[in-house]
Amino acid sequence: MARTVAPAYDPQLIEPKWRSAWKQAGLFSASDSRDKPKFYNLVMFPYPSGPLHMGHFRNYVIGDAFARYKVMRGFNVLNPFGWDAFGLPAENAAIKSGIPPRVSIERNIAISKHQLDIMGVLYAWDRELATCNDDYYRWTQWLFLKLYDLGIAYKRRAAVNWCPKDNTVLANEQIVNGVCWRCGTKPTKKELDQWFFKITAYAQRLLDDLSKLDRWPERVKVMQANWIGRSEGAELEFAVEGQERLRVFTTRPDTVYGVTFMVIAPEHPLAARIVTPDRRQEVDDYLEKTRSETEIERLSTEHEKTGVFSGAYAINPFNQERVPIWVADYVLATYGTGAIMGVPGNDSRDFEFAKKFDIPIREVVSPTPEPQGDPTSPMELGLAEGFMVASGRYTGRPSREAMPEIIAEAERRGVGQKTVTFRLRDWLISRQRYWGVPIPIVYCPDEGIVPVPREQLPVVLPPNVEFRSDGQNPLEHAEAFVKTSCPRCGKPARRETDTMDTFVDSSWYFLRYTSPNQLTEPFDKAKADFWMPVDQYIGGIEHAILHLLYSRFFMKVLFDAGMVSVDEPFNALFSQGMIQRNGAVMAKSKGNGVAPDDMVRTYGADTARVYELFIGPPELDAEWNDRGVDGVARFLNRLWRLVVGEEDDRPGAAATGNSVAGEALLRKLHETIDKVSRDLDGFRFNTAVASLMEMTNLMQDYIQGGGERNHDWDSACREMTRLLAPFAPHLAEELWHRLGGETLCAFSTWPEPDPKRLQRRTVTVVVQVDGRLRDRIELPAGAGEEEAKQSALKSANVSRALEGRSPRRIVYVPDRLLNLVSR
RNA sequence: GCGGCUGUGGUGAAAUCGGUAAACACGCCAGGUUCAGGGCCUGGUGAGCGCAAGCUCUUGGAGGUUCAAGUCCUCUCAGCCGCACCA
């Protein structure tokens, strides 16, 4: 057991008392009334995976402190909480242990709720939701049907990423570093009929509107922009000998004269059609090989180019040259047109390919108007712009100028046009798993795909299913669930057994909080209009793409459908860093977690909270230091003793000559009010705590210097208590009460700094000679340059540094600095 | 490869507008305390030189702009994160 700082006050005694007081008084029970400005404060809801540790709590403490601050600032604060309760871990646990997901989830929720409670983290619990409850997921189904009606939800056969361990498909966003984001297994390819959301239809808006999000972290916006991956270029059409045509996408139409070969992806439909008989066997072998080797080979970092000649040729529409068409897996079927023009003279991948297969390499862009010469070892691959080489009538022109002309020529001649391509793919939402929202679709032998009528929602997830060790979806074997009748014709039909990706659940939960008991629709539009957008969203960086992109997409769809009045869900976003301990991110699996329960027992909730906020800049990762907690405990104890008045009779507390006047005390108080307010507005909790510590230290100097517990002192104590309230709310409440506060401190008004108190009569001005610090002088505030100069010249240090020279120039920053320039 | 972030004492860090580098805290050292230990209190604590006054150096590195640079500019090194055969 680490040695700890014994409390001077007893958190165990005071903390529970104030927690019930807040609940009774309805702190954070948001009303929909408009008498105060609204503030929607939201922390990302968690997956209830078991006991929380202090790493998780950074998010909740930040959110709680900020919400409390906003209440004191006079806002009508909505600060709700819920549970992202569907998902694989609970189902996998069920397969192992036999405990049904709903049971383990409910147990975990109860544990987490208790932990939040003892940490003094409070929410609008009357708005609590869990995505696995049918009064929530029926509306997720309702929204699916809405998207189906809008043509945004659709089903198609597609080669999808399949995780063989989790036995389900994955969205592109869920392949992280080439492996399944959950279990780390390398996915394989599978052809399946799957449900998608047409997020690509929103690609441009999702990209454009990032510029509206000026209170989002830059890195999150950059990650989203990269993920959306907009590329401007052109599609060019090459005639293939015979009847076929081959369309390629290129961002560099200006390099079209450098084409010496074409490549199509193995999955490209032309691959089957254009191959000449003599090449058939070799091409089929290659297609077979790329299919079986799947992503594993393709994703290896130093993947050597492979490919096979199809036997067919294409005609370059610009120079009429005949170029061979190859099949190679370095071209992706899912991007652009699934085919490229090979320009080895300017593209490093094409260069590599051409080298390997002895395809001619031709210089096409040169950094100078003259050709560089030896094109077999071009040093300037990937040249963004330059001068065109061997490019017909464009030769010698700057490529940047020629590019639009080439596109225009292609359009005129009907062999291509300007296009924009995105990396973003449609969102695959089908999951072949049990513990999720059933997709409300019925398959009828006659009618085909039939949506479940809205009045029949929810399609209830059957509670009693058999969890199979072969990993198959239990729903497929739940006869009572699968067998149904067609809603249109009444004939026997089968239900869809896929469930939805849990990211669908979390794409709209922030709307449900605004009217959690709405019985007739997912949310009440008037209430959503009142509360949305979320004013401050707080969560981990791991959701930079997935959740935050999907939620933005949903919001735009609902906006277009007239269901909401704003098209971005989160006005300001804060991504907090992770807490590490012993060199690793705090995690249950690493065994380095610190339990909030232990912290509360040893130090009390307030110390744990303040330490989490003091640990470092909240947006950066921070290392948990067990001893650092003691420092915070000391601070709170000292403040307690000072305010409660136990300081006088302590031994060693004799006057030390550190005399602090009442005026100085009040000036520091108002400086602290000013600083803490600005720090809270800017999410700088660490420096806010530091300035509270500074003020406490000064209060101690005041008392030890014999300062009286007079009116000034009382005022300092009272305002300090209010400043402390968002950080250490229990302690603040107890002090507030002892200072005679009649209502709760949590509801009291945030103090304002008094500008008169911030003024100083005298200021310390730094004196430099030739830019080097030589002395400090005391001057009346607002003193003029001449006065400052005269005063400075009296300084022995200054005259020594001047060595008899007189200043040739004087730089004077009033109340701050005087620089005498003598050289 | 592309994009982003971060480099400041023994440690976590601060410096909000180009104006006192190292606030606050941990740790360490010394002293005090009806001081067992712990706690509490006081003082010290970037490096070097000096008895001292003081001087010099110091924000990953190298240049530059400026009266003045942790902060702005150019180049560069290291670490972390994201994306990655995206045409």
Side-chain angles (χ1 to χ4, degrees), chain A residues 3-8 176-178 217-223 225-227 229 231 233 248-252 255 263 298-299 301 303 305 328-332 334-343 347-350 352-353 382 421-423 541 544-545 611 614-617 619-632 634-635 637-638 641 647 650-654 656 658 675 678-679 682 684 686-687 689-694 697 700 704 764-774 776 796-797 800-801 807-811 813 816-823:
Chain A
R3 292 191 303 205
T4 57
V5 176
V176 177
N177 294 328
E218 195 57 32
R219 65 171 163 160
V220 173
K221 289 193 280 185
V222 167
M223 280 164 78
N226 289 344
W227 188 262
S231 284
V248 298
F249 173 71
T250 178
T251 53
R252 297 300 303 276
T255 64
V263 183
R298 279 185 155 192
L299 287 165
T301 33
H303 183 235
K305 297 272 183 296
D329 69 356
Y330 84 93
V331 170
L332 306 176
T334 50
Y335 185 77
T337 61
I340 61 151
M341 56 184 209
V343 186
D347 183 284
S348 57
R349 297 152 301 184
D350 296 345
E352 213 183 296
F353 190 78
T421 300
F422 294 93
R423 281 189 36 194
I541 189 70
I545 295 174
Y611 179 64
F614 184 58
I615 193 167
E619 68 277 11
L620 300 182
D621 289 354
E623 174 78 19
W624 184 275
N625 177 355
D626 292 320
R627 302 226 240 193
V629 182
D630 284 339
V632 169
R634 272 181 211 131
F635 155 59
N637 283 328
R638 187 180 309 151
R641 288 193 309 267
E647 202 63 25
R650 294 201 68 78
T656 57
N658 243 332
K675 170 90 171 129
R678 282 183 293 121
D679 280 351
R684 291 181 293 266
N686 53 328
T687 49
V689 172
S691 61
L692 291 173
M693 288 172 167
E694 279 186 54
N697 293 345
Q700 176 141 318
Q704 289 186 342
T764 305
V765 170
V766 169
V767 182
Q768 294 179 338
V769 175
D770 297 322
R772 296 183 154 275
L773 174 68
R774 291 304 174 193
R776 281 154 213 191
N797 272 355
R800 181 160 4 102
R808 292 169 41 195
R809 188 178 155 195
I810 291 177
V811 179
V813 183
R816 295 209 74 152
L817 172 140
L818 179 72
N819 190 3
L820 305 174
V821 185
S822 72
R823 291 176 204 271

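Only heavy atoms go into these numbers, but all of them, side chains included; no hydrogens, no water, no symmetry mates. It should be emphasised that the depicted structure is a prediction, and the values quoted were computed from it without experimental measurement. Just so we're on the same page: letters track the sequence lines, and every chain starts at 1.
Rounded to whole Å, atom C1' of B:G27 lies 9 Å from atom CG of A:N625. The distance between atom CD1 of A:I615 and atom P of B:A14, rounded to the nearest whole Å, is 12 Å. If you take CD1 of A:I541 and C1' of B:G82, they are 9 Å apart, rounded to a whole angstrom. In this structure, the CZ atom of A:R638 is 10 Å from the C1' atom of B:C41, given to the nearest Å. Atom pair A:N797:CG and B:C55:C1' shows a separation of 10 Å (rounding to whole Å applied). Distance A:Q700 CD to B:U42 C1': 10 Å, rounded to the nearest Å. Here B:A13 presents its P atom at 15 Å from CH2 of A:W624, a figure rounded to the nearest Å. As a whole-Å value, the separation of A:Y611 OH from B:C24 P is 18 Å.
Considering only side-chain atoms of A:R809, the nucleotide from B:C67, B:C24, B:U16 that sits closest is B:C67. Side-chain proximity of A:D347 to the nucleotides B:A87, B:U42, B:A25 is greatest for B:A87. For A:V821, taking side-chain heavy atoms from C-beta onward, the closest of the listed nucleotides B:C41, B:C67, B:A87 is B:C67. Of all nucleotides listed (B:C41, B:C83, B:C24), B:C83 comes nearest to the side chain of A:R423. Taking the side chain of A:M693 as heavy atoms from C-beta on, and the options B:A25, B:C26, B:U56, the nearest nucleotide is B:A25. In the set B:G27, B:A14, B:A87, B:A87 carries the atom at the smallest distance from any side-chain atom of A:I340.
Taking atom P on both nucleotides, B:U11 is separated from B:A68 by 31 Å, rounded to a whole Å. Atom P of B:G12 sits at a distance of 15 Å from the matching atom of B:A23, rounded to the whole Å. Here, B:A15 and B:U59 have their C1' atoms 11 Å apart, quoted to the whole Å. Between B:G61 and B:A78, the two C1' atoms lie 10 Å apart (nearest whole Å). When the C1' atom is used for both B:A62 and B:A84, the distance is 32 Å, rounded to whole Å. Taking atom C1' on both nucleotides, B:G1 is separated from B:G18 by 36 Å, rounded to a whole Å. Rounded to a whole angstrom, the distance from the C1' atom of B:G79 to that of B:C28 is 28 Å. Nucleotides B:C41 and B:C51 have their P atoms positioned 36 Å apart, rounded to a whole Å.
Partners of A:E619 according to the salt bridge (Lys or Arg N to Asp or Glu O under 4.0 Å) rule, which considers only residues two or more places apart in sequence or in another chain, do not exist here. Checked against salt bridge (Lys or Arg N to Asp or Glu O under 4.0 Å), A:D770 has the following partners two or more places apart in sequence or in another chain: A:R805, A:R823. Partners of A:R774 by salt bridge (Lys or Arg N to Asp or Glu O under 4.0 Å), not counting sequence neighbours: none found.
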- Item | Nucleotide-level pairing of RNA chain B, given in dot-bracket where Watson-Crick and G-U pairs need both distances under 3.5 Å and | marks other strands | (((((((..(((......[....)))(((((((.....)))))))((((....))))..(((((..]....))))))))))))....
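Both A:G616 and A:F422 sit near RNA chain B, but only A:G616 has its closest nucleotide nearer the 5' end. Comparing A:D621 and A:R800 along RNA chain B, the residue whose closest nucleotide (by nearest heavy atom) sits nearer the 5' end is A:D621.
One side chain, A:Y330 or A:D350, offers a donor N or O that lies under 3.5 Å from an acceptor on the other. Residues A:R634 and A:N637 bring no donor and acceptor atom of their side chains to less than 3.5 Å of each other. Counted by atom type alone, A:R638 and A:N697 present one or more donor-acceptor pairs between their side chains at under 3.5 Å.
One finds the CG atom of A:L773 at 9.0 Å from the CG atom of A:L817 (value rounded to the nearest 0.5 Å). Between A:R776 atom CZ and A:Q768 atom CD the span is 10.5 Å, to the nearest 0.5 Å. With rounding to the nearest 0.5 angstrom, the NZ atom of A:K675 is 6.5 Å from the CZ atom of A:R684.
Checked by atom type and distance alone, the side chain of A:R423 never pairs as donor or acceptor with a backbone atom of A:S231 at under 3.5 Å. Between the A:Y611 side chain and the A:G631 main chain, no donor and acceptor come within less than 3.5 Å of each other.
Its glycosidic angle being more than 90° from 0, B:C24 falls on the anti side. A glycosidic torsion no more than 90° from 0 defines the syn conformation, and B:G9 adopts it.
No engagement by A:L820 is indicated, since no non-hydrogen atom pair under 4.0 Å with the nucleic acid exists. Heavy atoms of A:D679 sit under 4.0 angstrom from at least one base atom. Nucleic acid contact for A:T334: none, since no nucleic acid atom lies under 4.0 Å from a heavy atom of the residue. Counting any heavy atom pair closer than 4.0 Å across all strands shown, A:R808 reaches no nucleic acid atom. Counting any heavy atom pair closer than 4.0 Å across all strands shown, A:R772 reaches sugar-phosphate atoms only and no base atom.
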- Task: Encode nucleotides 18-23 of chain B as B, S and - characters from 5' to 3', where the letter depends on protein heavy atoms closer than 4.0 Å: B to the base, S only to sugar-phosphate, - to neither.
- Result: -BB--B
- Message: How would you summarise protein contacts on nucleotides 1-6 of chain B per nucleotide, using B for base, S for sugar-phosphate only and - for none, with heavy-atom distances below 4.0 Å?
- Response: --SS--
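For the pair A:R684 and B:U16, the criterion of a side-chain N or O lying under 4.0 Å from OP1 or OP2 is not met. In this structure, A:N637 does not reach the B:G39 phosphate: none of its side-chain N or O atoms is under 4.0 Å from OP1 or OP2. Contact annotation: A:N697 side-chain N/O to B:A25 OP1/OP2 distance is under 4.0 Å. Neither OP1 nor OP2 of B:A25 sits under 4.0 Å from any side-chain N or O of A:R627. Between A:R774 and B:U56 there is a side-chain N or O to OP1 or OP2 distance below 4.0 Å.
Taking the ring centre of A:F353 as origin, the terminal cationic atom of A:K305 falls outside the region bounded by 6.0 Å and 45° from the ring axis.
Inter-residue side-chain proximity for A:R252 and A:D347 is flagged as unmet; no heavy-atom pair is nearer than 4.5 Å.
Summarising the geometry of A:T687 relative to A:D679, their closest heavy-atom pair is OG1-OD2, 2.9 Å, with the distance given to 0.1 Å. Contact record, A:M223 with A:A544: CE-CB, 3.7 Å, taken as the closest heavy-atom pair.
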